[in-house]
Structure formats: C-alpha cells, structure tokens
Amino acid sequence: MSESVKLSFPVLADDFSHAGEASGSLKRTLKKLGIDMEVIRRVSIAVYEGEINMVIHADGGVIDAEISAESIEVWLRDKGPGIKDVELAMQEGYSTARDHIRALGFGAGMGLPNIKKYTDEMSIETEIGVGTTVYLKVNIT
Amino acid sequence: MTVSDVKQILNAEYIWGEELESTEIYSACGSDMMSDVLAYVKDQSVLLTGLVNPQVVRTAEMMDMRCIVFVRGKEPDAAIISLAEDRGIVLMKTQLRMFTACGLLYENGLKGGETADV
Ligand SMILES: Nc1ncnc2c1ncn2[C@@H]1O[C@H](COP(=O)(O)OP(=O)(O)OP(=O)(O)O)[C@@H](O)[C@H]1O
Ligand SMILES: [Mg+2]
C-alpha cells in the first residue's frame, strides 16, 4: 500500500441489534486489504468495544479509519453526554450501565480497558454535554 | 477436539453449521458479558453463553471464534442464525446450564487458555 486508505462508517443508535455492524464492515475490509490476521483482530475488538459504547452510552456517531503501510488509526466520534471522569472510566469494572444494558451482555466495565489492551496508542477527548472522541492506533509490524 | 466432539460432549443440537463439524477447537470461553469474552483472545475458540442476541455472533466474529453454544436451551431467532451463517460460525444449543457445560468440556481436555497465576 503506497497511499493510505480512508474509510468512514456511520453508527446508528436507534436499534441495538445493529450495534457492531460498522466494526464488522471494517474487519471485512481489512481482510480484503490482506492485513495480518492478528493486527485485524486487535483493531476489530477495540473498534467493536468503542462502537458498542457509542450505541449504549452516547447516541451513535461516526467511525473514521485510516490505514497506511505502518498502522491503522481509528477515530470514534459521538455527540453523546461525554465522560465525567476518564481515569475512572478507564478502570476495569467501572460502568454506569444499568440493568437493561447488562441484560444485553454489556456493562461489565471492560470495554475501555480492552481498547487500551489491544492497541498501541489510545486517547480519549471528551466534553460534558458535547461528546466524546476515542482515538486508537495499532501498528502494523 | 472438533466441533462435532463439542456437540457430543454437551449433548447439543446443531442450529446451523453441521457441515463445519470437523473444525478444530482449541479453547473455550463461557460468559454472558461480551466484554469479558473480548478480554481474552485465543485461537479457534468456542463461546458458551446464555445470552441470545446478534452481538453474541458479532463478538464471536471479532474474535475469529468458530462456534457458539447456547446453554439452558436458549433459542436464537432467524436474524441471529442468518448472521452466523453469513459469518461461517457454527451455532448449537444444549439444555445444560453454563457451569455444567463448561465443566464437561474442561474435563474432556478443553482449556480456557489461562493459568491460575494470571
Ligand atoms: N462514548 C461514550 N460516551 C459517554 N460515556 C462513555 C462512552 N464510552 C464509555 N463511557 C463511560 O465509561 C464507562 C466505562 O466504559 P467501558 O466501555 O469500559 O464499560 P461499559 O461500556 O460500561 O461496559 P462493557 O464495555 O464491559 O460492556 C461507561 O460505563 C460509561 O459511563
Ligand atoms: Mg463498553
């Protein structure tokens, strides 16, 4: 790949049954580009966690990805409520999800820690009442 | 162990994917919380869960898992089945409860891929 590939996926929040579709599309595109399976898996899991968060904690948004020969970078942007205490949100087991979300299989408080675990770089920009952007990067070695 | 062995050990029924029964399974993970599942990547895994929604299939897809076993006789709907078909992930169901299903697979040599000192 000489030039980088840019992709964009909308994330809708009105129907939970669609949550994860953007990550699935991204994963299939990365496979077609012939990227290493382990790299694909790490990116996919991280983006999937971020996408689910956009659906259950915010109101959907947009996922942008940029794939170059060196790395895969992803921005998950939402216009949701924002995160009050990012350090706390990053702790394993911390979740504000209520029972109806837990009944869907989410709300273990493991999503953001998982994103950190599977990526080479991660950062969160957030403002209360404005929204959240999660940035992540996985190096292709 | 193969998908077919998993089916036999759990006295399970195929919902979809019998033609993939010779697929090798190297590890297993049992949980109703998807982020718990997403925390531990192992190759060629089977997922045991009591949760029934499309995110179970998507979680398995992200992890490159080969097979999902619904415990306690849980039945996925048509949308879930067609998603699994499209992704090539075997679905089966067993009447067993989670603890028993995991225990039987463990007893037959399938491990979680973790050690006690992690
Ligand atoms: N995009 C977001 N907008 C607003 N709040 C968020 C967002 N992402 C995460 N949070 C907050 O951070 C907390 C921790 O997120 P994390 O993904 O680690 O856990 P969770 O989503 O609650 O559970 P799990 O990911 O295990 O299903 C959430 O409970 C929520 O309060
Ligand atoms: Mg989460």
Side-chain angles (χ1 to χ4, degrees), chain A residues 11 15-28 30-31 35-57 89-95 97 99-119 138, chain B residues 23-24 26-27 29-72 74-89 91 98 112-114 118:
Chain A
V11 177
D15 182 357
F16 181 75
S17 69
H18 292 292
E21 273 180 4
S23 312
S25 308
L26 174 65
K27 177 162 191 170
R28 289 189 292 281
L30 295 177
K31 274 192 190 164
I35 289 161
D36 176 73
M37 278 307 292
E38 193 54 40
V39 169
I40 294 180
R41 186 147 66 183
R42 287 169 56 206
V43 172
S44 305
I45 294 172
V47 174
Y48 183 62
E49 289 283 17
E51 181 180 358
I52 299 281
N53 281 352
M54 289 166 82
V55 175
I56 62 179
H57 304 301
M90 285 300 299
Q91 284 177 20
E92 283 188 15
Y94 176 81
S95 175
D99 284 352
H100 69 285
I101 297 296
R102 295 181 65 85
L104 295 168
F106 294 91
M110 293 296 290
L112 294 176
N114 277 350
I115 296 176
K116 182 152 189 77
K117 175 174 159 181
Y118 290 115
T119 57
V138 174
Chain B
T23 306
E24 283 290 336
Y26 299 131
S27 62
C29 177
S31 183
D32 290 351
M33 296 305 273
M34 292 302 107
S35 288
D36 273 348
V37 178
L38 290 158
Y40 293 98
V41 168
K42 286 290 151 205
D43 260 338
Q44 315 247 103
S45 282
V46 53
L47 170 61
L48 293 96
T49 188
L51 186 71
V52 185
N53 64 30
Q55 278 63 43
V56 175
V57 179
R58 296 218 170 88
T59 299
E61 180 190 6
M62 297 307 146
M63 308 276 291
D64 302 308
M65 287 174 145
R66 303 308 163 101
C67 176
I68 298 167
V69 179
F70 296 105
V71 298
R72 304 194 295 275
K74 292 280 172 79
E75 293 267 2
D77 64 20
I80 298 173
I81 298 170
S82 75
L83 187 62
E85 258 185 84
D86 187 64
R87 306 297 192 261
I89 299 168
L91 298 183
M98 179 74 94
E114 286 171 85
V118 287

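Numbered from 1 within each chain, the chains take letters A, B, ... in sequence-line order. Scope of the values below: all heavy atoms of this structure, side chains included, with no hydrogens, waters or symmetry mates. Remember, predicted model here, so these are calculated numbers, not experimental data.
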- Message: Given 3.5 Å as the limit, does a donor-acceptor pair link the side chain of B:R58 with the main chain of A:A19, or not?
- Response: yes
- Please check if the side chain of A:Y118 supplies one atom and the backbone of B:L38 the other of a donor-acceptor pair under 3.5 Å. yes
- Task: Count the heavy atoms belonging to other residues, nucleotides or ligands that lie under 6.0 Å from NZ of A:K116, then report whether that count exceeds 12.
- Result: no
- Task: Pick whichever of B:E61, B:M33, B:M34 has the most heavy-atom pairs under 4.5 Å with chain A.
- Result: B:M33
- Query: Is it the backbone or the side chain of B:D32 that comes under 4.5 Å from a heavy atom of chain A, or both, or neither?
  - Reply: backbone
- Query: Do you know which of A:A103, A:G109, A:G24 has the most heavy-atom pairs under 4.5 Å to chain B?
  - Reply: A:G24
- If one checks every heavy atom of A:Y48 against chain B at 4.5 Å, the contacting part turns out to be side chain
- Turns out that what part of A:L104 lies under 4.5 Å from chain B's heavy atoms comes down to both
- Query: Any chance CD of B:E85 has more than 12 other-residue heavy atoms, nucleotides or ligands included, within less than 6.0 Å?
  - Reply: yes
- Task: Using salt bridge (charged side-chain N to carboxylate O under 4.0 Å, His left out) as the criterion, list what pairs up with A:R102, not counting sequence neighbours.
- Result: none
- With a 4.5 Å limit on heavy-atom distance, are the side chains of A:M37 and B:D43 in contact? no
- What one should report as the nearest heavy-atom pair of B:S35 and A:N114 is O-ND2, 3.0 Å
- Examine whether an atom of A:E21 lies under 4.5 Å from a heavy atom of chain B, and if so say whether it belongs to the side chain, the backbone or both; otherwise answer neither. both
- Name the one of B:V41, B:D64, B:V37, B:T59 that satisfies side-chain contact (heavy atoms from CB on, under 4.5 Å) with A:I45? B:V41
- Item | Side chain / backbone / both / neither for B:S31 at chain A, heavy atoms under 4.5 Å | neither
- Gap between atom CE of B:M62 and atom CD of A:E51 - 0.5 Å precision: 7.5 Å
